[in-house]
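All values reported here derive from a predicted model rather than from experimental measurement.
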Amino acid sequence: MLETSHYDEANANYVVNFIGCLCHTKGRWAGKPFDLLPWQEQIIRDIFGTLKPNGKRQFTTAYIEIPKKNGKSELAAAVALYLLFGDGEPSAEVYGAAADRQQASIVFDVAAQMVKMTPALLKRSKILGANKRIINHANNGFYQVLSAEVGTKHGLNVSGLVLDEVHVQPDRKLYDVLTKGSGDAREQPLYFLITTAGTDTNSICYELHQKALGVLNGTINDPSFYPVIFGADISEDWTDPEVWKKANPSLGYTIDISKVQTACDSARQNPGEENSFRQLRLNQWVKQSIRWMPMDKWDACAGHVSPRLLEGRPCYAGMDLSSTSDLTAVVLVFPPTDEDEPYIVLPFFWVPAETLDLRVRRDHVVYDVWEKQGFIQTTEGNVVDYRWIEQFILQLNEHYNIREIAYDRWNASMMVQALQDDGFTMVPFGQGFRDMSAPTKELMRLVLEQKLVHGGHPVLRWNMDNVFVRTDPAGNIKIDKEKSTEKVDGAVALVMGLDRAMKNLNGGDSIYNHRGLIIL
């Protein structure tokens, strides 16, 4: 029978007592003993008290996600100092890292101040402030802040890592270098990751966030991974003080509720601040700016799309050719065959093969992963080969009955003429309020009423999450490509295809003639 891990209270007490010998460094708590708050003590006891049968720690990675001002920097500094001075690790190498050296120095500066305020540690140490290094003479170990340049981090023998504000990491490279194999020579390395929720759902932080949720709900089994997430559900009332208390375990201690109230009042008066409040105060994963599509509603429309079962059915395509070096999208929209059936969406995307790696590095978007998963296709060369896409559309038409293809007038090309020569009905589609408003509003209505199924396609989801809309004085809307700085090509193609599908829903009798427009 396999032996299981156990909780060693004496070991947990030792670490709690070590931290209790340190002092707070900021605000009204400065100079007072670091008495852990209940949530902090629970984390420390779980991480350092849960041991494997051989007496070593079970948890290698701790992921702590919590709103700002809850005392995460002080907790991280205390953990770093314990790993340097109290862990019994010969020649300990504890590193502090973040998206940049200045951010990583925040936790280090707190730790250095703690050492200066603790005589027992100070006499064993040397603090090199300019180099951001604390040396422990007793075990020949050190705590060192790292710069963000990945190329210089290989070969480290990491016994401890504090990675601060993981959500601003531009990619996963630094995380991988510091955690994948760097601690293999250590018996119980600890990677202590601490962050506020981010805004980029294609980031390493969101990947860790999703893993943490999986471990917490039991769908992922990783005994070495310790997850803690404090935050409010996206559906909860962000103006409710009870929701603030749920998300902020230090409320009333390190956080004055009046400060949260002031920030909330400001966000209510200025909608542009709402998402910032949700992210930083409630630890919700939201975009930095207000997007148009509520992504929880979009995700609820994922459903299941079977391309095989759609064969032979009439459909309407939207085509956003974009530029020859950019993302190109074709979205098929299948209108319902009866009033109870939803609209069904089948999207396709292309990028030039030679620019794929550049896009991953430049845009911090997982094009390479999507390409391997089949959600994006590549065409040869460094520009999109429209001839290849033309042939692909011809092949699509062998399976589906493509009645019309809507395209952006501004970006018309020889491909439009070629497709006309192939027998397709090509419909020019303007990007102004006149053409875009009605189908854009209809798209929102269908999503809110769950009358659209898109299969959860990740590239289309990313595009939808990037959409801003512009409104004119008459209340018309359109996708604003200038504000939508990330890719929205799939969203534009979907709106165009949906317009043609709805206008031909009853043999060319537009749905707008019967129901009128939905006003949002």
Side-chain angles (χ1 to χ4, degrees), residues 305 307-308 310-335 343-356 358-359 367 370-371 374-432 434-436 439 454 457 459-460 463 478-479 481 487-505 507-508:
V305 174
R308 185 180 62 82
L310 294 171
E311 291 190 2
R313 282 183 52 169
C315 61
Y316 298 84
M319 181 173 67
D320 191 340
L321 299 177
S322 199
S323 68
T324 55
S325 61
D326 216 335
L327 185 68
T328 290
V330 171
V331 177
L332 302 184
V333 179
F334 295 80
Y343 284 81
I344 300 174
V345 175
L346 198 59
F348 303 90
F349 296 88
W350 295 267
V351 294
E354 292 183 10
T355 67
L356 188 67
L358 172 62
R359 290 167 181 275
Y367 290 105
W370 288 333
E371 191 267 339
F375 294 117
I376 281 182
Q377 301 179 58
T378 57
T379 65
E380 292 184 1
N382 59 6
V383 297
V384 173
D385 186 345
Y386 289 152
R387 292 171 302 176
W388 197 94
I389 295 177
E390 177 193 353
Q391 292 303 310
F392 186 88
I393 292 174
L394 285 169
Q395 293 172 15
L396 282 180
N397 201 45
E398 294 176 3
H399 298 277
Y400 313 111
N401 182 6
I402 303 176
R403 297 283 181 86
E404 295 178 354
I405 301 177
Y407 66 93
D408 182 356
R409 292 191 193 98
W410 179 82
N411 206 34
S413 68
M414 289 188 296
M415 182 177 172
V416 173
Q417 183 61 54
L419 287 170
Q420 284 180 327
D421 294 341
D422 292 328
F424 289 100
T425 300
M426 304 300 294
V427 180
F429 198 97
Q431 303 298 294
R434 186 184 69 178
D435 287 349
M436 291 289 290
H454 51 70
H457 195 289
V459 185
L460 182 59
N463 281 190
K478 68 172 185 175
I479 293 176
K481 290 188 175 182
K487 305 305 179 190
V488 294
D489 310 85
V492 172
L494 171 56
V495 167
M496 292 193 291
L498 179 62
D499 178 84
R500 302 315 306 161
M502 297 192 109
K503 286 182 176 176
N504 290 278
L505 183 60

[X] (side chain) donor-acceptor with [Y] (main chain) under 3.5 angstrom:
X: E354; Y: P352; value: no
X: T378; Y: A353; value: no
X: N401; Y: P314; value: no
X: D422; Y: F424; value: no
X: N504; Y: R500; value: yes

Closest non-hydrogen atom pair between [X] and [Y], with its separation:
X: L346; Y: L310; answer: CD2-CD1, 4.4 Å
X: G430; Y: D435; answer: N-OD2, 2.7 Å
X: N463; Y: G490; answer: OD1-N, 2.6 Å
X: V333; Y: Y343; answer: CG1-CD2, 3.9 Å
X: I405; Y: L419; answer: CD1-CD1, 4.4 Å
X: Y316; Y: G497; answer: CB-O, 3.8 Å

Within the structure provided, determine whether [X] and [Y] are in side-chain contact (heavy-atom separation under 4.5 Å).
X: R434; Y: K478; result: no
X: H454; Y: I344; result: no
X: I479; Y: V495; result: yes
X: V427; Y: Y407; result: no
X: F349; Y: L327; result: yes
X: Y386; Y: T328; result: yes

key: Intermediate values then yes/no, side chain to side chain contact (heavy atoms under 4.5 Å, CB included), I376 and W350   = CA-CA 6 Å; I376 281 182; W350 295 267; over 6 Å; no
How long is the gap from [atom1] on [X] to [atom2] on [Y], to the nearest 0.5 Å?
X: H399; Y: C315; atom1: NE2; atom2: SG; value: 12.0 Å
X: I389; Y: Q377; atom1: CD1; atom2: CD; value: 9.0 Å
X: Q420; Y: M415; atom1: CD; atom2: CE; value: 12.0 Å
X: Q431; Y: M496; atom1: CD; atom2: CE; value: 5.5 Å
X: N382; Y: L356; atom1: CG; atom2: CG; value: 13.0 Å
X: T425; Y: E404; atom1: OG1; atom2: CD; value: 6.0 Å

ask   = Any chance CD of E311 has more than 12 other-residue heavy atoms, nucleotides or ligands included, within less than 6.0 Å?
value = yes
key: Whether over 12 other heavy atoms sit under 6.0 Å from R313 CZ   = yes
request  = Any chance you could lay out the side-chain hydrogen bond (donor to acceptor under 3.5 Å, both in side chains) test for D421 and Q417, step after step, and finish with the verdict?
outcome  = CA-CA 6 Å; D421 294 341; Q417 183 61 54; 3.0 Å; yes
inquiry  = Just checking F334 against Y400, ring centres under 6.0 Å apart?
reply    = yes
ask   = Would you call the rings of F375 and H457 parallel, tilted or perpendicular if under 30° counts as parallel and over 60° as perpendicular?
value = perpendicular
request  = Mind telling me whether Y367 and W370 have parallel, tilted or perpendicular rings, with 30° and 60° as the class edges?
outcome  = perpendicular
query = Of D320, V459, L460, which meets side chain to side chain contact (heavy atoms under 4.5 Å, CB included) against D489?
reply = D320
request  = With side chain to side chain contact (heavy atoms under 4.5 Å, CB included) as the test, would you mind laying out the steps for F348 and V331 before giving the verdict?
outcome  = CA-CA 6 Å; F348 303 90; V331 177; over 6 Å; no
inquiry  = Run V330 and F392 through side chain to side chain contact (heavy atoms under 4.5 Å, CB included) and show every step you take.
reply    = CA-CA 10 Å; V330 171; F392 186 88; over 6 Å; no
